[in-house]
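What follows is one structure encoded as structure tokens, with my remarks underneath.
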Number of protein chains: 2
Amino acid sequence: MADEPQGAKLDTEAPRCDCRVVHKDRVERAIARAPLPEELREAGELFKLFADPGRLRILAALAEGELCVCDLSAVLGSGQSAVSHQLALLRTARLVKNRREGKTVYYALDDEHVKEILRVGLEHIAERTASS
Amino acid sequence: MADEPQGAKLDTEAPRCDCRVVHKDRVERAIARAPLPEELREAGELFKLFADPGRLRILAALAEGELCVCDLSAVLGSGQSAVSHQLALLRTARLVKNRREGKTVYYALDDEHVKEILRVGLEHIAERTASS
DNA sequence: TGAACATATGAACATATATTCATATAATAC
DNA sequence: GTATTATATGAATATATGTTCATATGTTCA
């Protein structure tokens, strides 16, 4: 808990911070156990897709079953173009898949984790709201 | 699966979409079961905090134990100011808490869901990487 | 073939976000 | 008190993101 001897040549990489690293052991452990930068980057991209109410609503709706773009547009109350753009993002990330049936394109979830991520996020909100 | 009779006055709200609602039943069910707009908004805000590699790294590091700002700066390899700004966001959302000990401020996770959300997200990345 | 419909997509624009710089606050040592 | 260290924060800037508009693609029907 107390201060480390300071002269230590740790610096752990570059002189990126204007303060001295206070806890060499903790820092090294955190770096050692941290997920790879690439994993963090990709996880960030994933969470970004969940970081919009419209997309969340799309995903929640699809969790109940397949819907076409027009249905989704009605559910969201937003324009077809906006929905298509959002769906394109979700499709690129393989969170949803689509199939065409005549003029209509049906979308469905394409990833088992989607429901779980939704659940955890909404659970958090519910509990926070309850306890605050 | 086929088209509905079209004259139906559903419109489910406003003429927000240029196409006709194709599946009235599905749309109504989706709307009925959807989380409240407010919940979706807040969940979006939550996921936004996980939507940045730097913040993910902060959260992952704190999952291993308490760290001070300077430690985090070293772990991330980014400047103290940037880290403080990120911590302010996480603090506002009550995902982390802090305590002061002299000049040093220690941060720690303040929410049981953080680890779970991190886990689910990273799990998704790992499995996707494995199967793609 | 052409008209109507469902969806997709590029460009433009407005807003949000992350970082940096400069500076403020808080605590300790002298 | 002043100097030093650790952290916080406002302003500015560059980048990212979401929506809209216009238009393109693909399908069905007459």
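Sequence lines set the chain letters: A, B, ... in the order given, protein chains first and strands last, and positions in each chain run from 1. As the structure is a computational prediction, the values presented were derived from the model and not from experiment.
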- [ ] Whole angstrom is fine here: how far is it from CD1 in B:Ile58 over to C1' in C:dT19?
- [x] 13 Å

TODO: Give the rounded distance in Å between these two atoms: CG of A:Leu90 and P of C:dT7.
DONE: 16 Å

- [ ] Look at B:Arg41 together with B:Glu39 and state whether they make a salt bridge at an N to O cut-off of under 4.0 Å.
- [x] no

Open item on the list: Students often mix this up, so state it plainly: with edges at 30° and 60°, are the rings of B:Phe47 and A:Phe50 parallel, tilted or perpendicular?
Closed with: tilted

Open item on the list: What is the separation between atom CZ on B:Phe50 and atom C1' on C:dT17, rounded to the nearest whole Å?
Closed with: 17 Å

Task: Phosphate contact (C:dT17 OP1 or OP2) by B:Arg55 side-chain N/O below 4.0 Å - done: no

- [ ] Round to a whole Å and report the spacing from CG of B:Asp52 to P of C:dT17.
- [x] 11 Å

Open item on the list: So if I apply the side-chain hydrogen bond (donor to acceptor under 3.5 Å, both in side chains) rule between B:Gln86 and each of B:Arg57, B:Arg55, B:Arg91, which one comes out positive?
Closed with: B:Arg55

Task: Phosphate contact (C:dT17 OP1 or OP2) by B:Gln86 side-chain N/O below 4.0 Å - done: no

- [ ] Please report the closest heavy-atom contact between A:Ile31 and B:Ala74, naming both atoms and the distance.
- [x] CD1-O, 4.4 Å

- [ ] Grab the two heavy atoms, one from A:Leu40 and one from B:Leu56, that are nearest each other, plus how far apart they are.
- [x] O-CD1, 3.4 Å

- [ ] Rounded to the nearest angstrom, tell me the gap between atom CG in B:Asp71 and atom C1' in D:dT5.
- [x] 15 Å

TODO: Would you classify B:Leu89 as touching base, sugar-phosphate or nothing, given that sugar-phosphate means primed atoms plus P, OP1 and OP2, and contacts are heavy atoms under 4.0 Å?
DONE: sugar-phosphate

TODO: Consider only side-chain N and O atoms of B:Arg100 and B:Tyr106, and report whether a donor and an acceptor are under 3.5 Å apart.
DONE: no

Open item on the list: Applying a 3.5 angstrom cut-off to the pairing atoms, does DNA chain D sit in any stems of at least three consecutive Watson-Crick or G-U pairs? List them by first number.
Closed with: C:1-30 with D:1-30

Open item on the list: I want to check one thing: is the phosphate of C:dA8, taken as OP1 and OP2, less than 4.0 Å away from some side-chain N or O of A:Tyr107?
Closed with: yes

Atom pairs, protein N/O to nucleotides 21-27 of chain C N/O, distance under 3.5 Å:
{"from": "C:dC21", "atom 1": "N4", "to": "B:Ser81", "atom 2": "OG", "distance (Å)": "2.6"}

Open item on the list: On a heavy-atom basis, which atom in A:Leu87 and which in A:Val96 lie closest, and how many Å separate them?
Closed with: O-CG2, 4.2 Å

Task: Nearest-angstrom distance from the residue atom CG of B:Leu76 to C1' of C:dA18 - done: 13 Å

Open item on the list: From C-beta outward on A:Val105, which listed nucleotide comes closest to its side chain: C:dT7, C:dT9, D:dA8?
Closed with: C:dT7

Open item on the list: Without decimals, in angstroms, what is the distance between A:Lys48 NZ and C:dA18 C1'?
Closed with: 10 Å

Task: Minimum-distance pair of heavy atoms, taken over all atoms of B:Ser73 and B:Ser78 - done: OG-O, 2.6 Å

Task: Nucleotide of C:dT7, D:dT9, D:dT7 approaching B:Thr104 most closely (side-chain heavy atoms) - done: D:dT7

- [ ] Assess whether salt bridge (Lys or Arg N to Asp or Glu O under 4.0 Å) is satisfied between A:Glu28 and A:Arg26, documenting all intermediate values.
- [x] CA-CA 5 Å; A:Glu28 286 175 350; A:Arg26 297 189 193 180; over 6 Å; no

Open item on the list: Please report the distance, rounded to the nearest Å, between CZ in A:Arg99 and P in C:dT7.
Closed with: 12 Å

